[in-house]
Amino acid sequence: MKKKIVSALLIATMMTTMFVGCGSNGDSKETAQSASGETDDGVVTLTYWGWDSNYAWPMFEKYEETHPNVHFEATAVEWGDMLTKTQQALASGSELPTIIPMDVALIENWKDMDILEDLTDYGLDTSEYIDSAIEKATTDDGRVVGLLTCVCPSGIAYKRDLAKEVFGTDDPDELQTMFSSYDDYIDKGADAVADGKYMFHSGQAVAEWLYFASDVATQNGDTLNYTDKMTDVFSKVIAMRDAGILDTYQNGTAEGNATYADDIHIFYPCPDWAITYYIEANDPDGSGNWGLIKAPVSYSHGGTALGISSSATEEQKQAAYDFIHWAVAEQEGAEAGRDLAGFITTYKTLTTDANFTKRADEEFFANQDISTLLYTEIANEMNVVDSSPWENSMISVRNDLAQQLMDDKEMTLEEALDIGREELEQLVTDDNITIK
């Protein structure tokens, strides 16, 4: 059996709702801007393109309250459109934004574009930040082109009432022991299936989890490790599918999101940001009914680095760096990011401060100490693998394959790999890249 793969929209690893406009301090500041980046009243205007209105827009508003010499003009751009919009601006000679957010899964593409400032030129001390956060945004020649705003440790969330009904306990320590391997989810999932329930709501969500938990690098030199990476992911997905423990919802859709509040889906792969963006947003009446355990392999999923466009003026560049430093390294800004979006900074002094990392929403998790679990236990064990300039293409193929495997329960691993390779060959346009 050979199917022609259906091109699917890349489901964002983060919620990508389009918002129009930008939060401001109430003053429109519509004054003429000088060539230096300053307006005629001495205010420096910083432009921004991005998708995360739960974080960026309120952070800009907060910063403007105490920095009246800075004004932000933000344009809402969907996560999946950022690279294309930037490439189009470069091709047409259009102006780029002062501050550019870069999803870590695509950060290699941003490095290749060579349009970003080295933040160490503006005072960034790399030793003050988590090593993996600096490494992710450092180019081959040692330039640090972005600063990650959050850590993004990831675990597995569960509904306590369903866990107790199916497995006899809702205690996170007991469940942690019960589900310490991938096979445990399959073996014990038989109890869920017998009770008319699913372990997970989406094969795509499980494939996403396994992709970021995989220790197989996407690329080595000029070779894309397609077969090894996808085999590592989809051999497990197929085993779970064949055990009947995965439902067929597409990840991130309205229908899939509605399952967070239902009574038949038990577990959800859960980066720390998903607590705010997915669980609390989609199950507002579920406070006290959620728990969190480690995945079989502790991993990081998500994160955004903020960089500065080299085309900005010197005044804009310095003002942009001051904002980025405030947002990540200064107490006021880091607390704002934590309280607004649940982001825990990559700044070591604060990340290791138990008072700072204590989440305000632990009540939602029945007062479980998820803060220590996430930011001490999981964060110190996380599997962080280098990404590739072709990560976007690999992720697109991963999403397509996951859904096809769920739609066609007879599709084998070998057939899926053949289908995915065919699409990947169409997406990878560099003749110097070998797909292995």
Side-chain angles (χ1 to χ4, degrees), residues 5 7-14 16 50-52 77-87 100-116 132-133 135-140 145-146 148 150 152 154 204-234 237 251-252 269 271 273 299-307 382-403 417 420-430 432-436:
I5 195 162
S7 179
L9 290 174
L10 174 62
I11 303 295
T13 57
M14 303 174 71
T16 55
W51 60 90
D52 192 357
V77 177
E78 293 282 2
W79 178 90
D81 296 334
M82 274 294 298
L83 277 172
T84 301
K85 182 175 175 64
T86 302
Q87 290 163 345
I100 297 177
M102 299 167 281
D103 185 278
V104 293
L106 307 178
I107 201 164
E108 298 301 324
N109 302 81
W110 292 104
K111 293 178 187 177
D112 285 349
M113 293 170 73
D114 195 26
I115 60 172
L116 296 158
S132 61
E135 291 166 6
K136 275 284 188 184
T138 300
T139 62
D140 290 341
V145 296
L148 264 73
C150 55
C152 298
S154 303
Q204 281 187 335
V206 169
E208 181 178 76
W209 152 35
L210 297 172
Y211 185 91
F212 289 110
S214 172
D215 61 2
V216 179
T218 304
Q219 183 170 342
N220 292 117
D222 292 333
T223 300
L224 277 178
N225 298 321
Y226 165 78
T227 301
D228 288 347
K229 184 83 170 183
M230 294 306 190
T231 297
D232 191 33
V233 172
F234 286 113
V237 171
N251 193 31
W273 48 264
Y299 69 104
S300 174
H301 174 193
T304 300
L306 298 179
M382 287 193 307
N383 182 35
V384 180
V385 178
D386 291 340
S387 55
S388 160
W390 298 101
E391 204 78 47
N392 196 13
S393 299
M394 290 278 280
I395 288 172
S396 179
V397 169
R398 183 204 74 207
N399 280 332
D400 280 342
L401 289 183
Q403 197 58 39
L417 290 176
R421 178 182 291 276
E422 183 178 313
E423 170 147 321
L424 191 60
E425 287 172 348
Q426 297 172 6
L427 297 174
V428 175
T429 56
D430 187 343
N432 295 316
I433 296 296
T434 298
I435 300 173
K436 183 177 177 181

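We use all heavy atoms of the structure for the numbers below, so side chains are in, but hydrogens, waters and symmetry mates are not.
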Side chains of [X] and [Y] in contact at under 4.5 Å (non-hydrogen atoms):
{"X": "Phe212", "Y": "Ile395", "result": "yes"}
{"X": "Ser387", "Y": "Ile107", "result": "yes"}
{"X": "Glu108", "Y": "Trp390", "result": "no"}
{"X": "Val397", "Y": "Leu427", "result": "yes"}
{"X": "Phe234", "Y": "Leu401", "result": "yes"}
{"X": "Leu424", "Y": "Arg421", "result": "no"}
{"X": "Gln87", "Y": "Met113", "result": "yes"}
{"X": "Leu224", "Y": "Ser388", "result": "yes"}

Sub-3.5 Å donor-acceptor pair from the side chain of [X] to the main-chain atoms of [Y], do we have one?
{"X": "Thr434", "Y": "Lys436", "result": "no"}
{"X": "Trp273", "Y": "His301", "result": "yes"}
{"X": "Ser214", "Y": "Leu210", "result": "no"}

Taking side-chain hydrogen bond (donor to acceptor under 3.5 Å, both in side chains) as the definition, give me every residue that meets it alongside [X], ordered by chain and number, with sequence neighbours left out.
{"X": "Ser393", "value": "none"}
{"X": "Asn220", "value": "Asn225"}
{"X": "Glu391", "value": "Tyr211, Thr218"}

Calculate, to the nearest 0.5 Å, the distance between atoms [atom1] and [atom2] belonging to [X] and [Y] respectively.
{"X": "Gln219", "Y": "Ile433", "atom1": "CD", "atom2": "CD1", "answer": "4.5 Å"}
{"X": "Asn432", "Y": "Asp222", "atom1": "CG", "atom2": "CG", "answer": "6.0 Å"}
{"X": "Leu116", "Y": "Lys111", "atom1": "CG", "atom2": "NZ", "answer": "11.0 Å"}
{"X": "Asp81", "Y": "Thr86", "atom1": "CG", "atom2": "OG1", "answer": "10.0 Å"}
{"X": "Asn399", "Y": "Glu208", "atom1": "CG", "atom2": "CD", "answer": "7.0 Å"}

For [X] against [Y], the heavy-atom pair lying closest together:
{"X": "Ser300", "Y": "Ser154", "answer": "C-OG, 4.0 Å"}
{"X": "Ala207", "Y": "Val233", "answer": "O-CG1, 3.7 Å"}
{"X": "Pro101", "Y": "Thr304", "answer": "CB-CG2, 3.7 Å"}
{"X": "Met230", "Y": "Met394", "answer": "CE-O, 3.4 Å"}
{"X": "Cys150", "Y": "Gly303", "answer": "SG-CA, 4.1 Å"}
{"X": "Gly307", "Y": "Met102", "answer": "N-CE, 3.7 Å"}

Between Trp79 and Trp51, how do the two ring planes meet: parallel, tilted or perpendicular, split at 30° and 60°? perpendicular

Side chain to side chain contact (heavy atoms under 4.5 Å, CB included) between Glu423 and Ser396: does it pass, once the steps are laid out? CA-CA 9 Å; Glu423 170 147 321; Ser396 179; 3.9 Å; yes

Trp110 vs Met82, side chain to side chain contact (heavy atoms under 4.5 Å, CB included): CA-CA, chis, key distance, verdict: CA-CA 10 Å; Trp110 292 104; Met82 274 294 298; 4.0 Å; yes

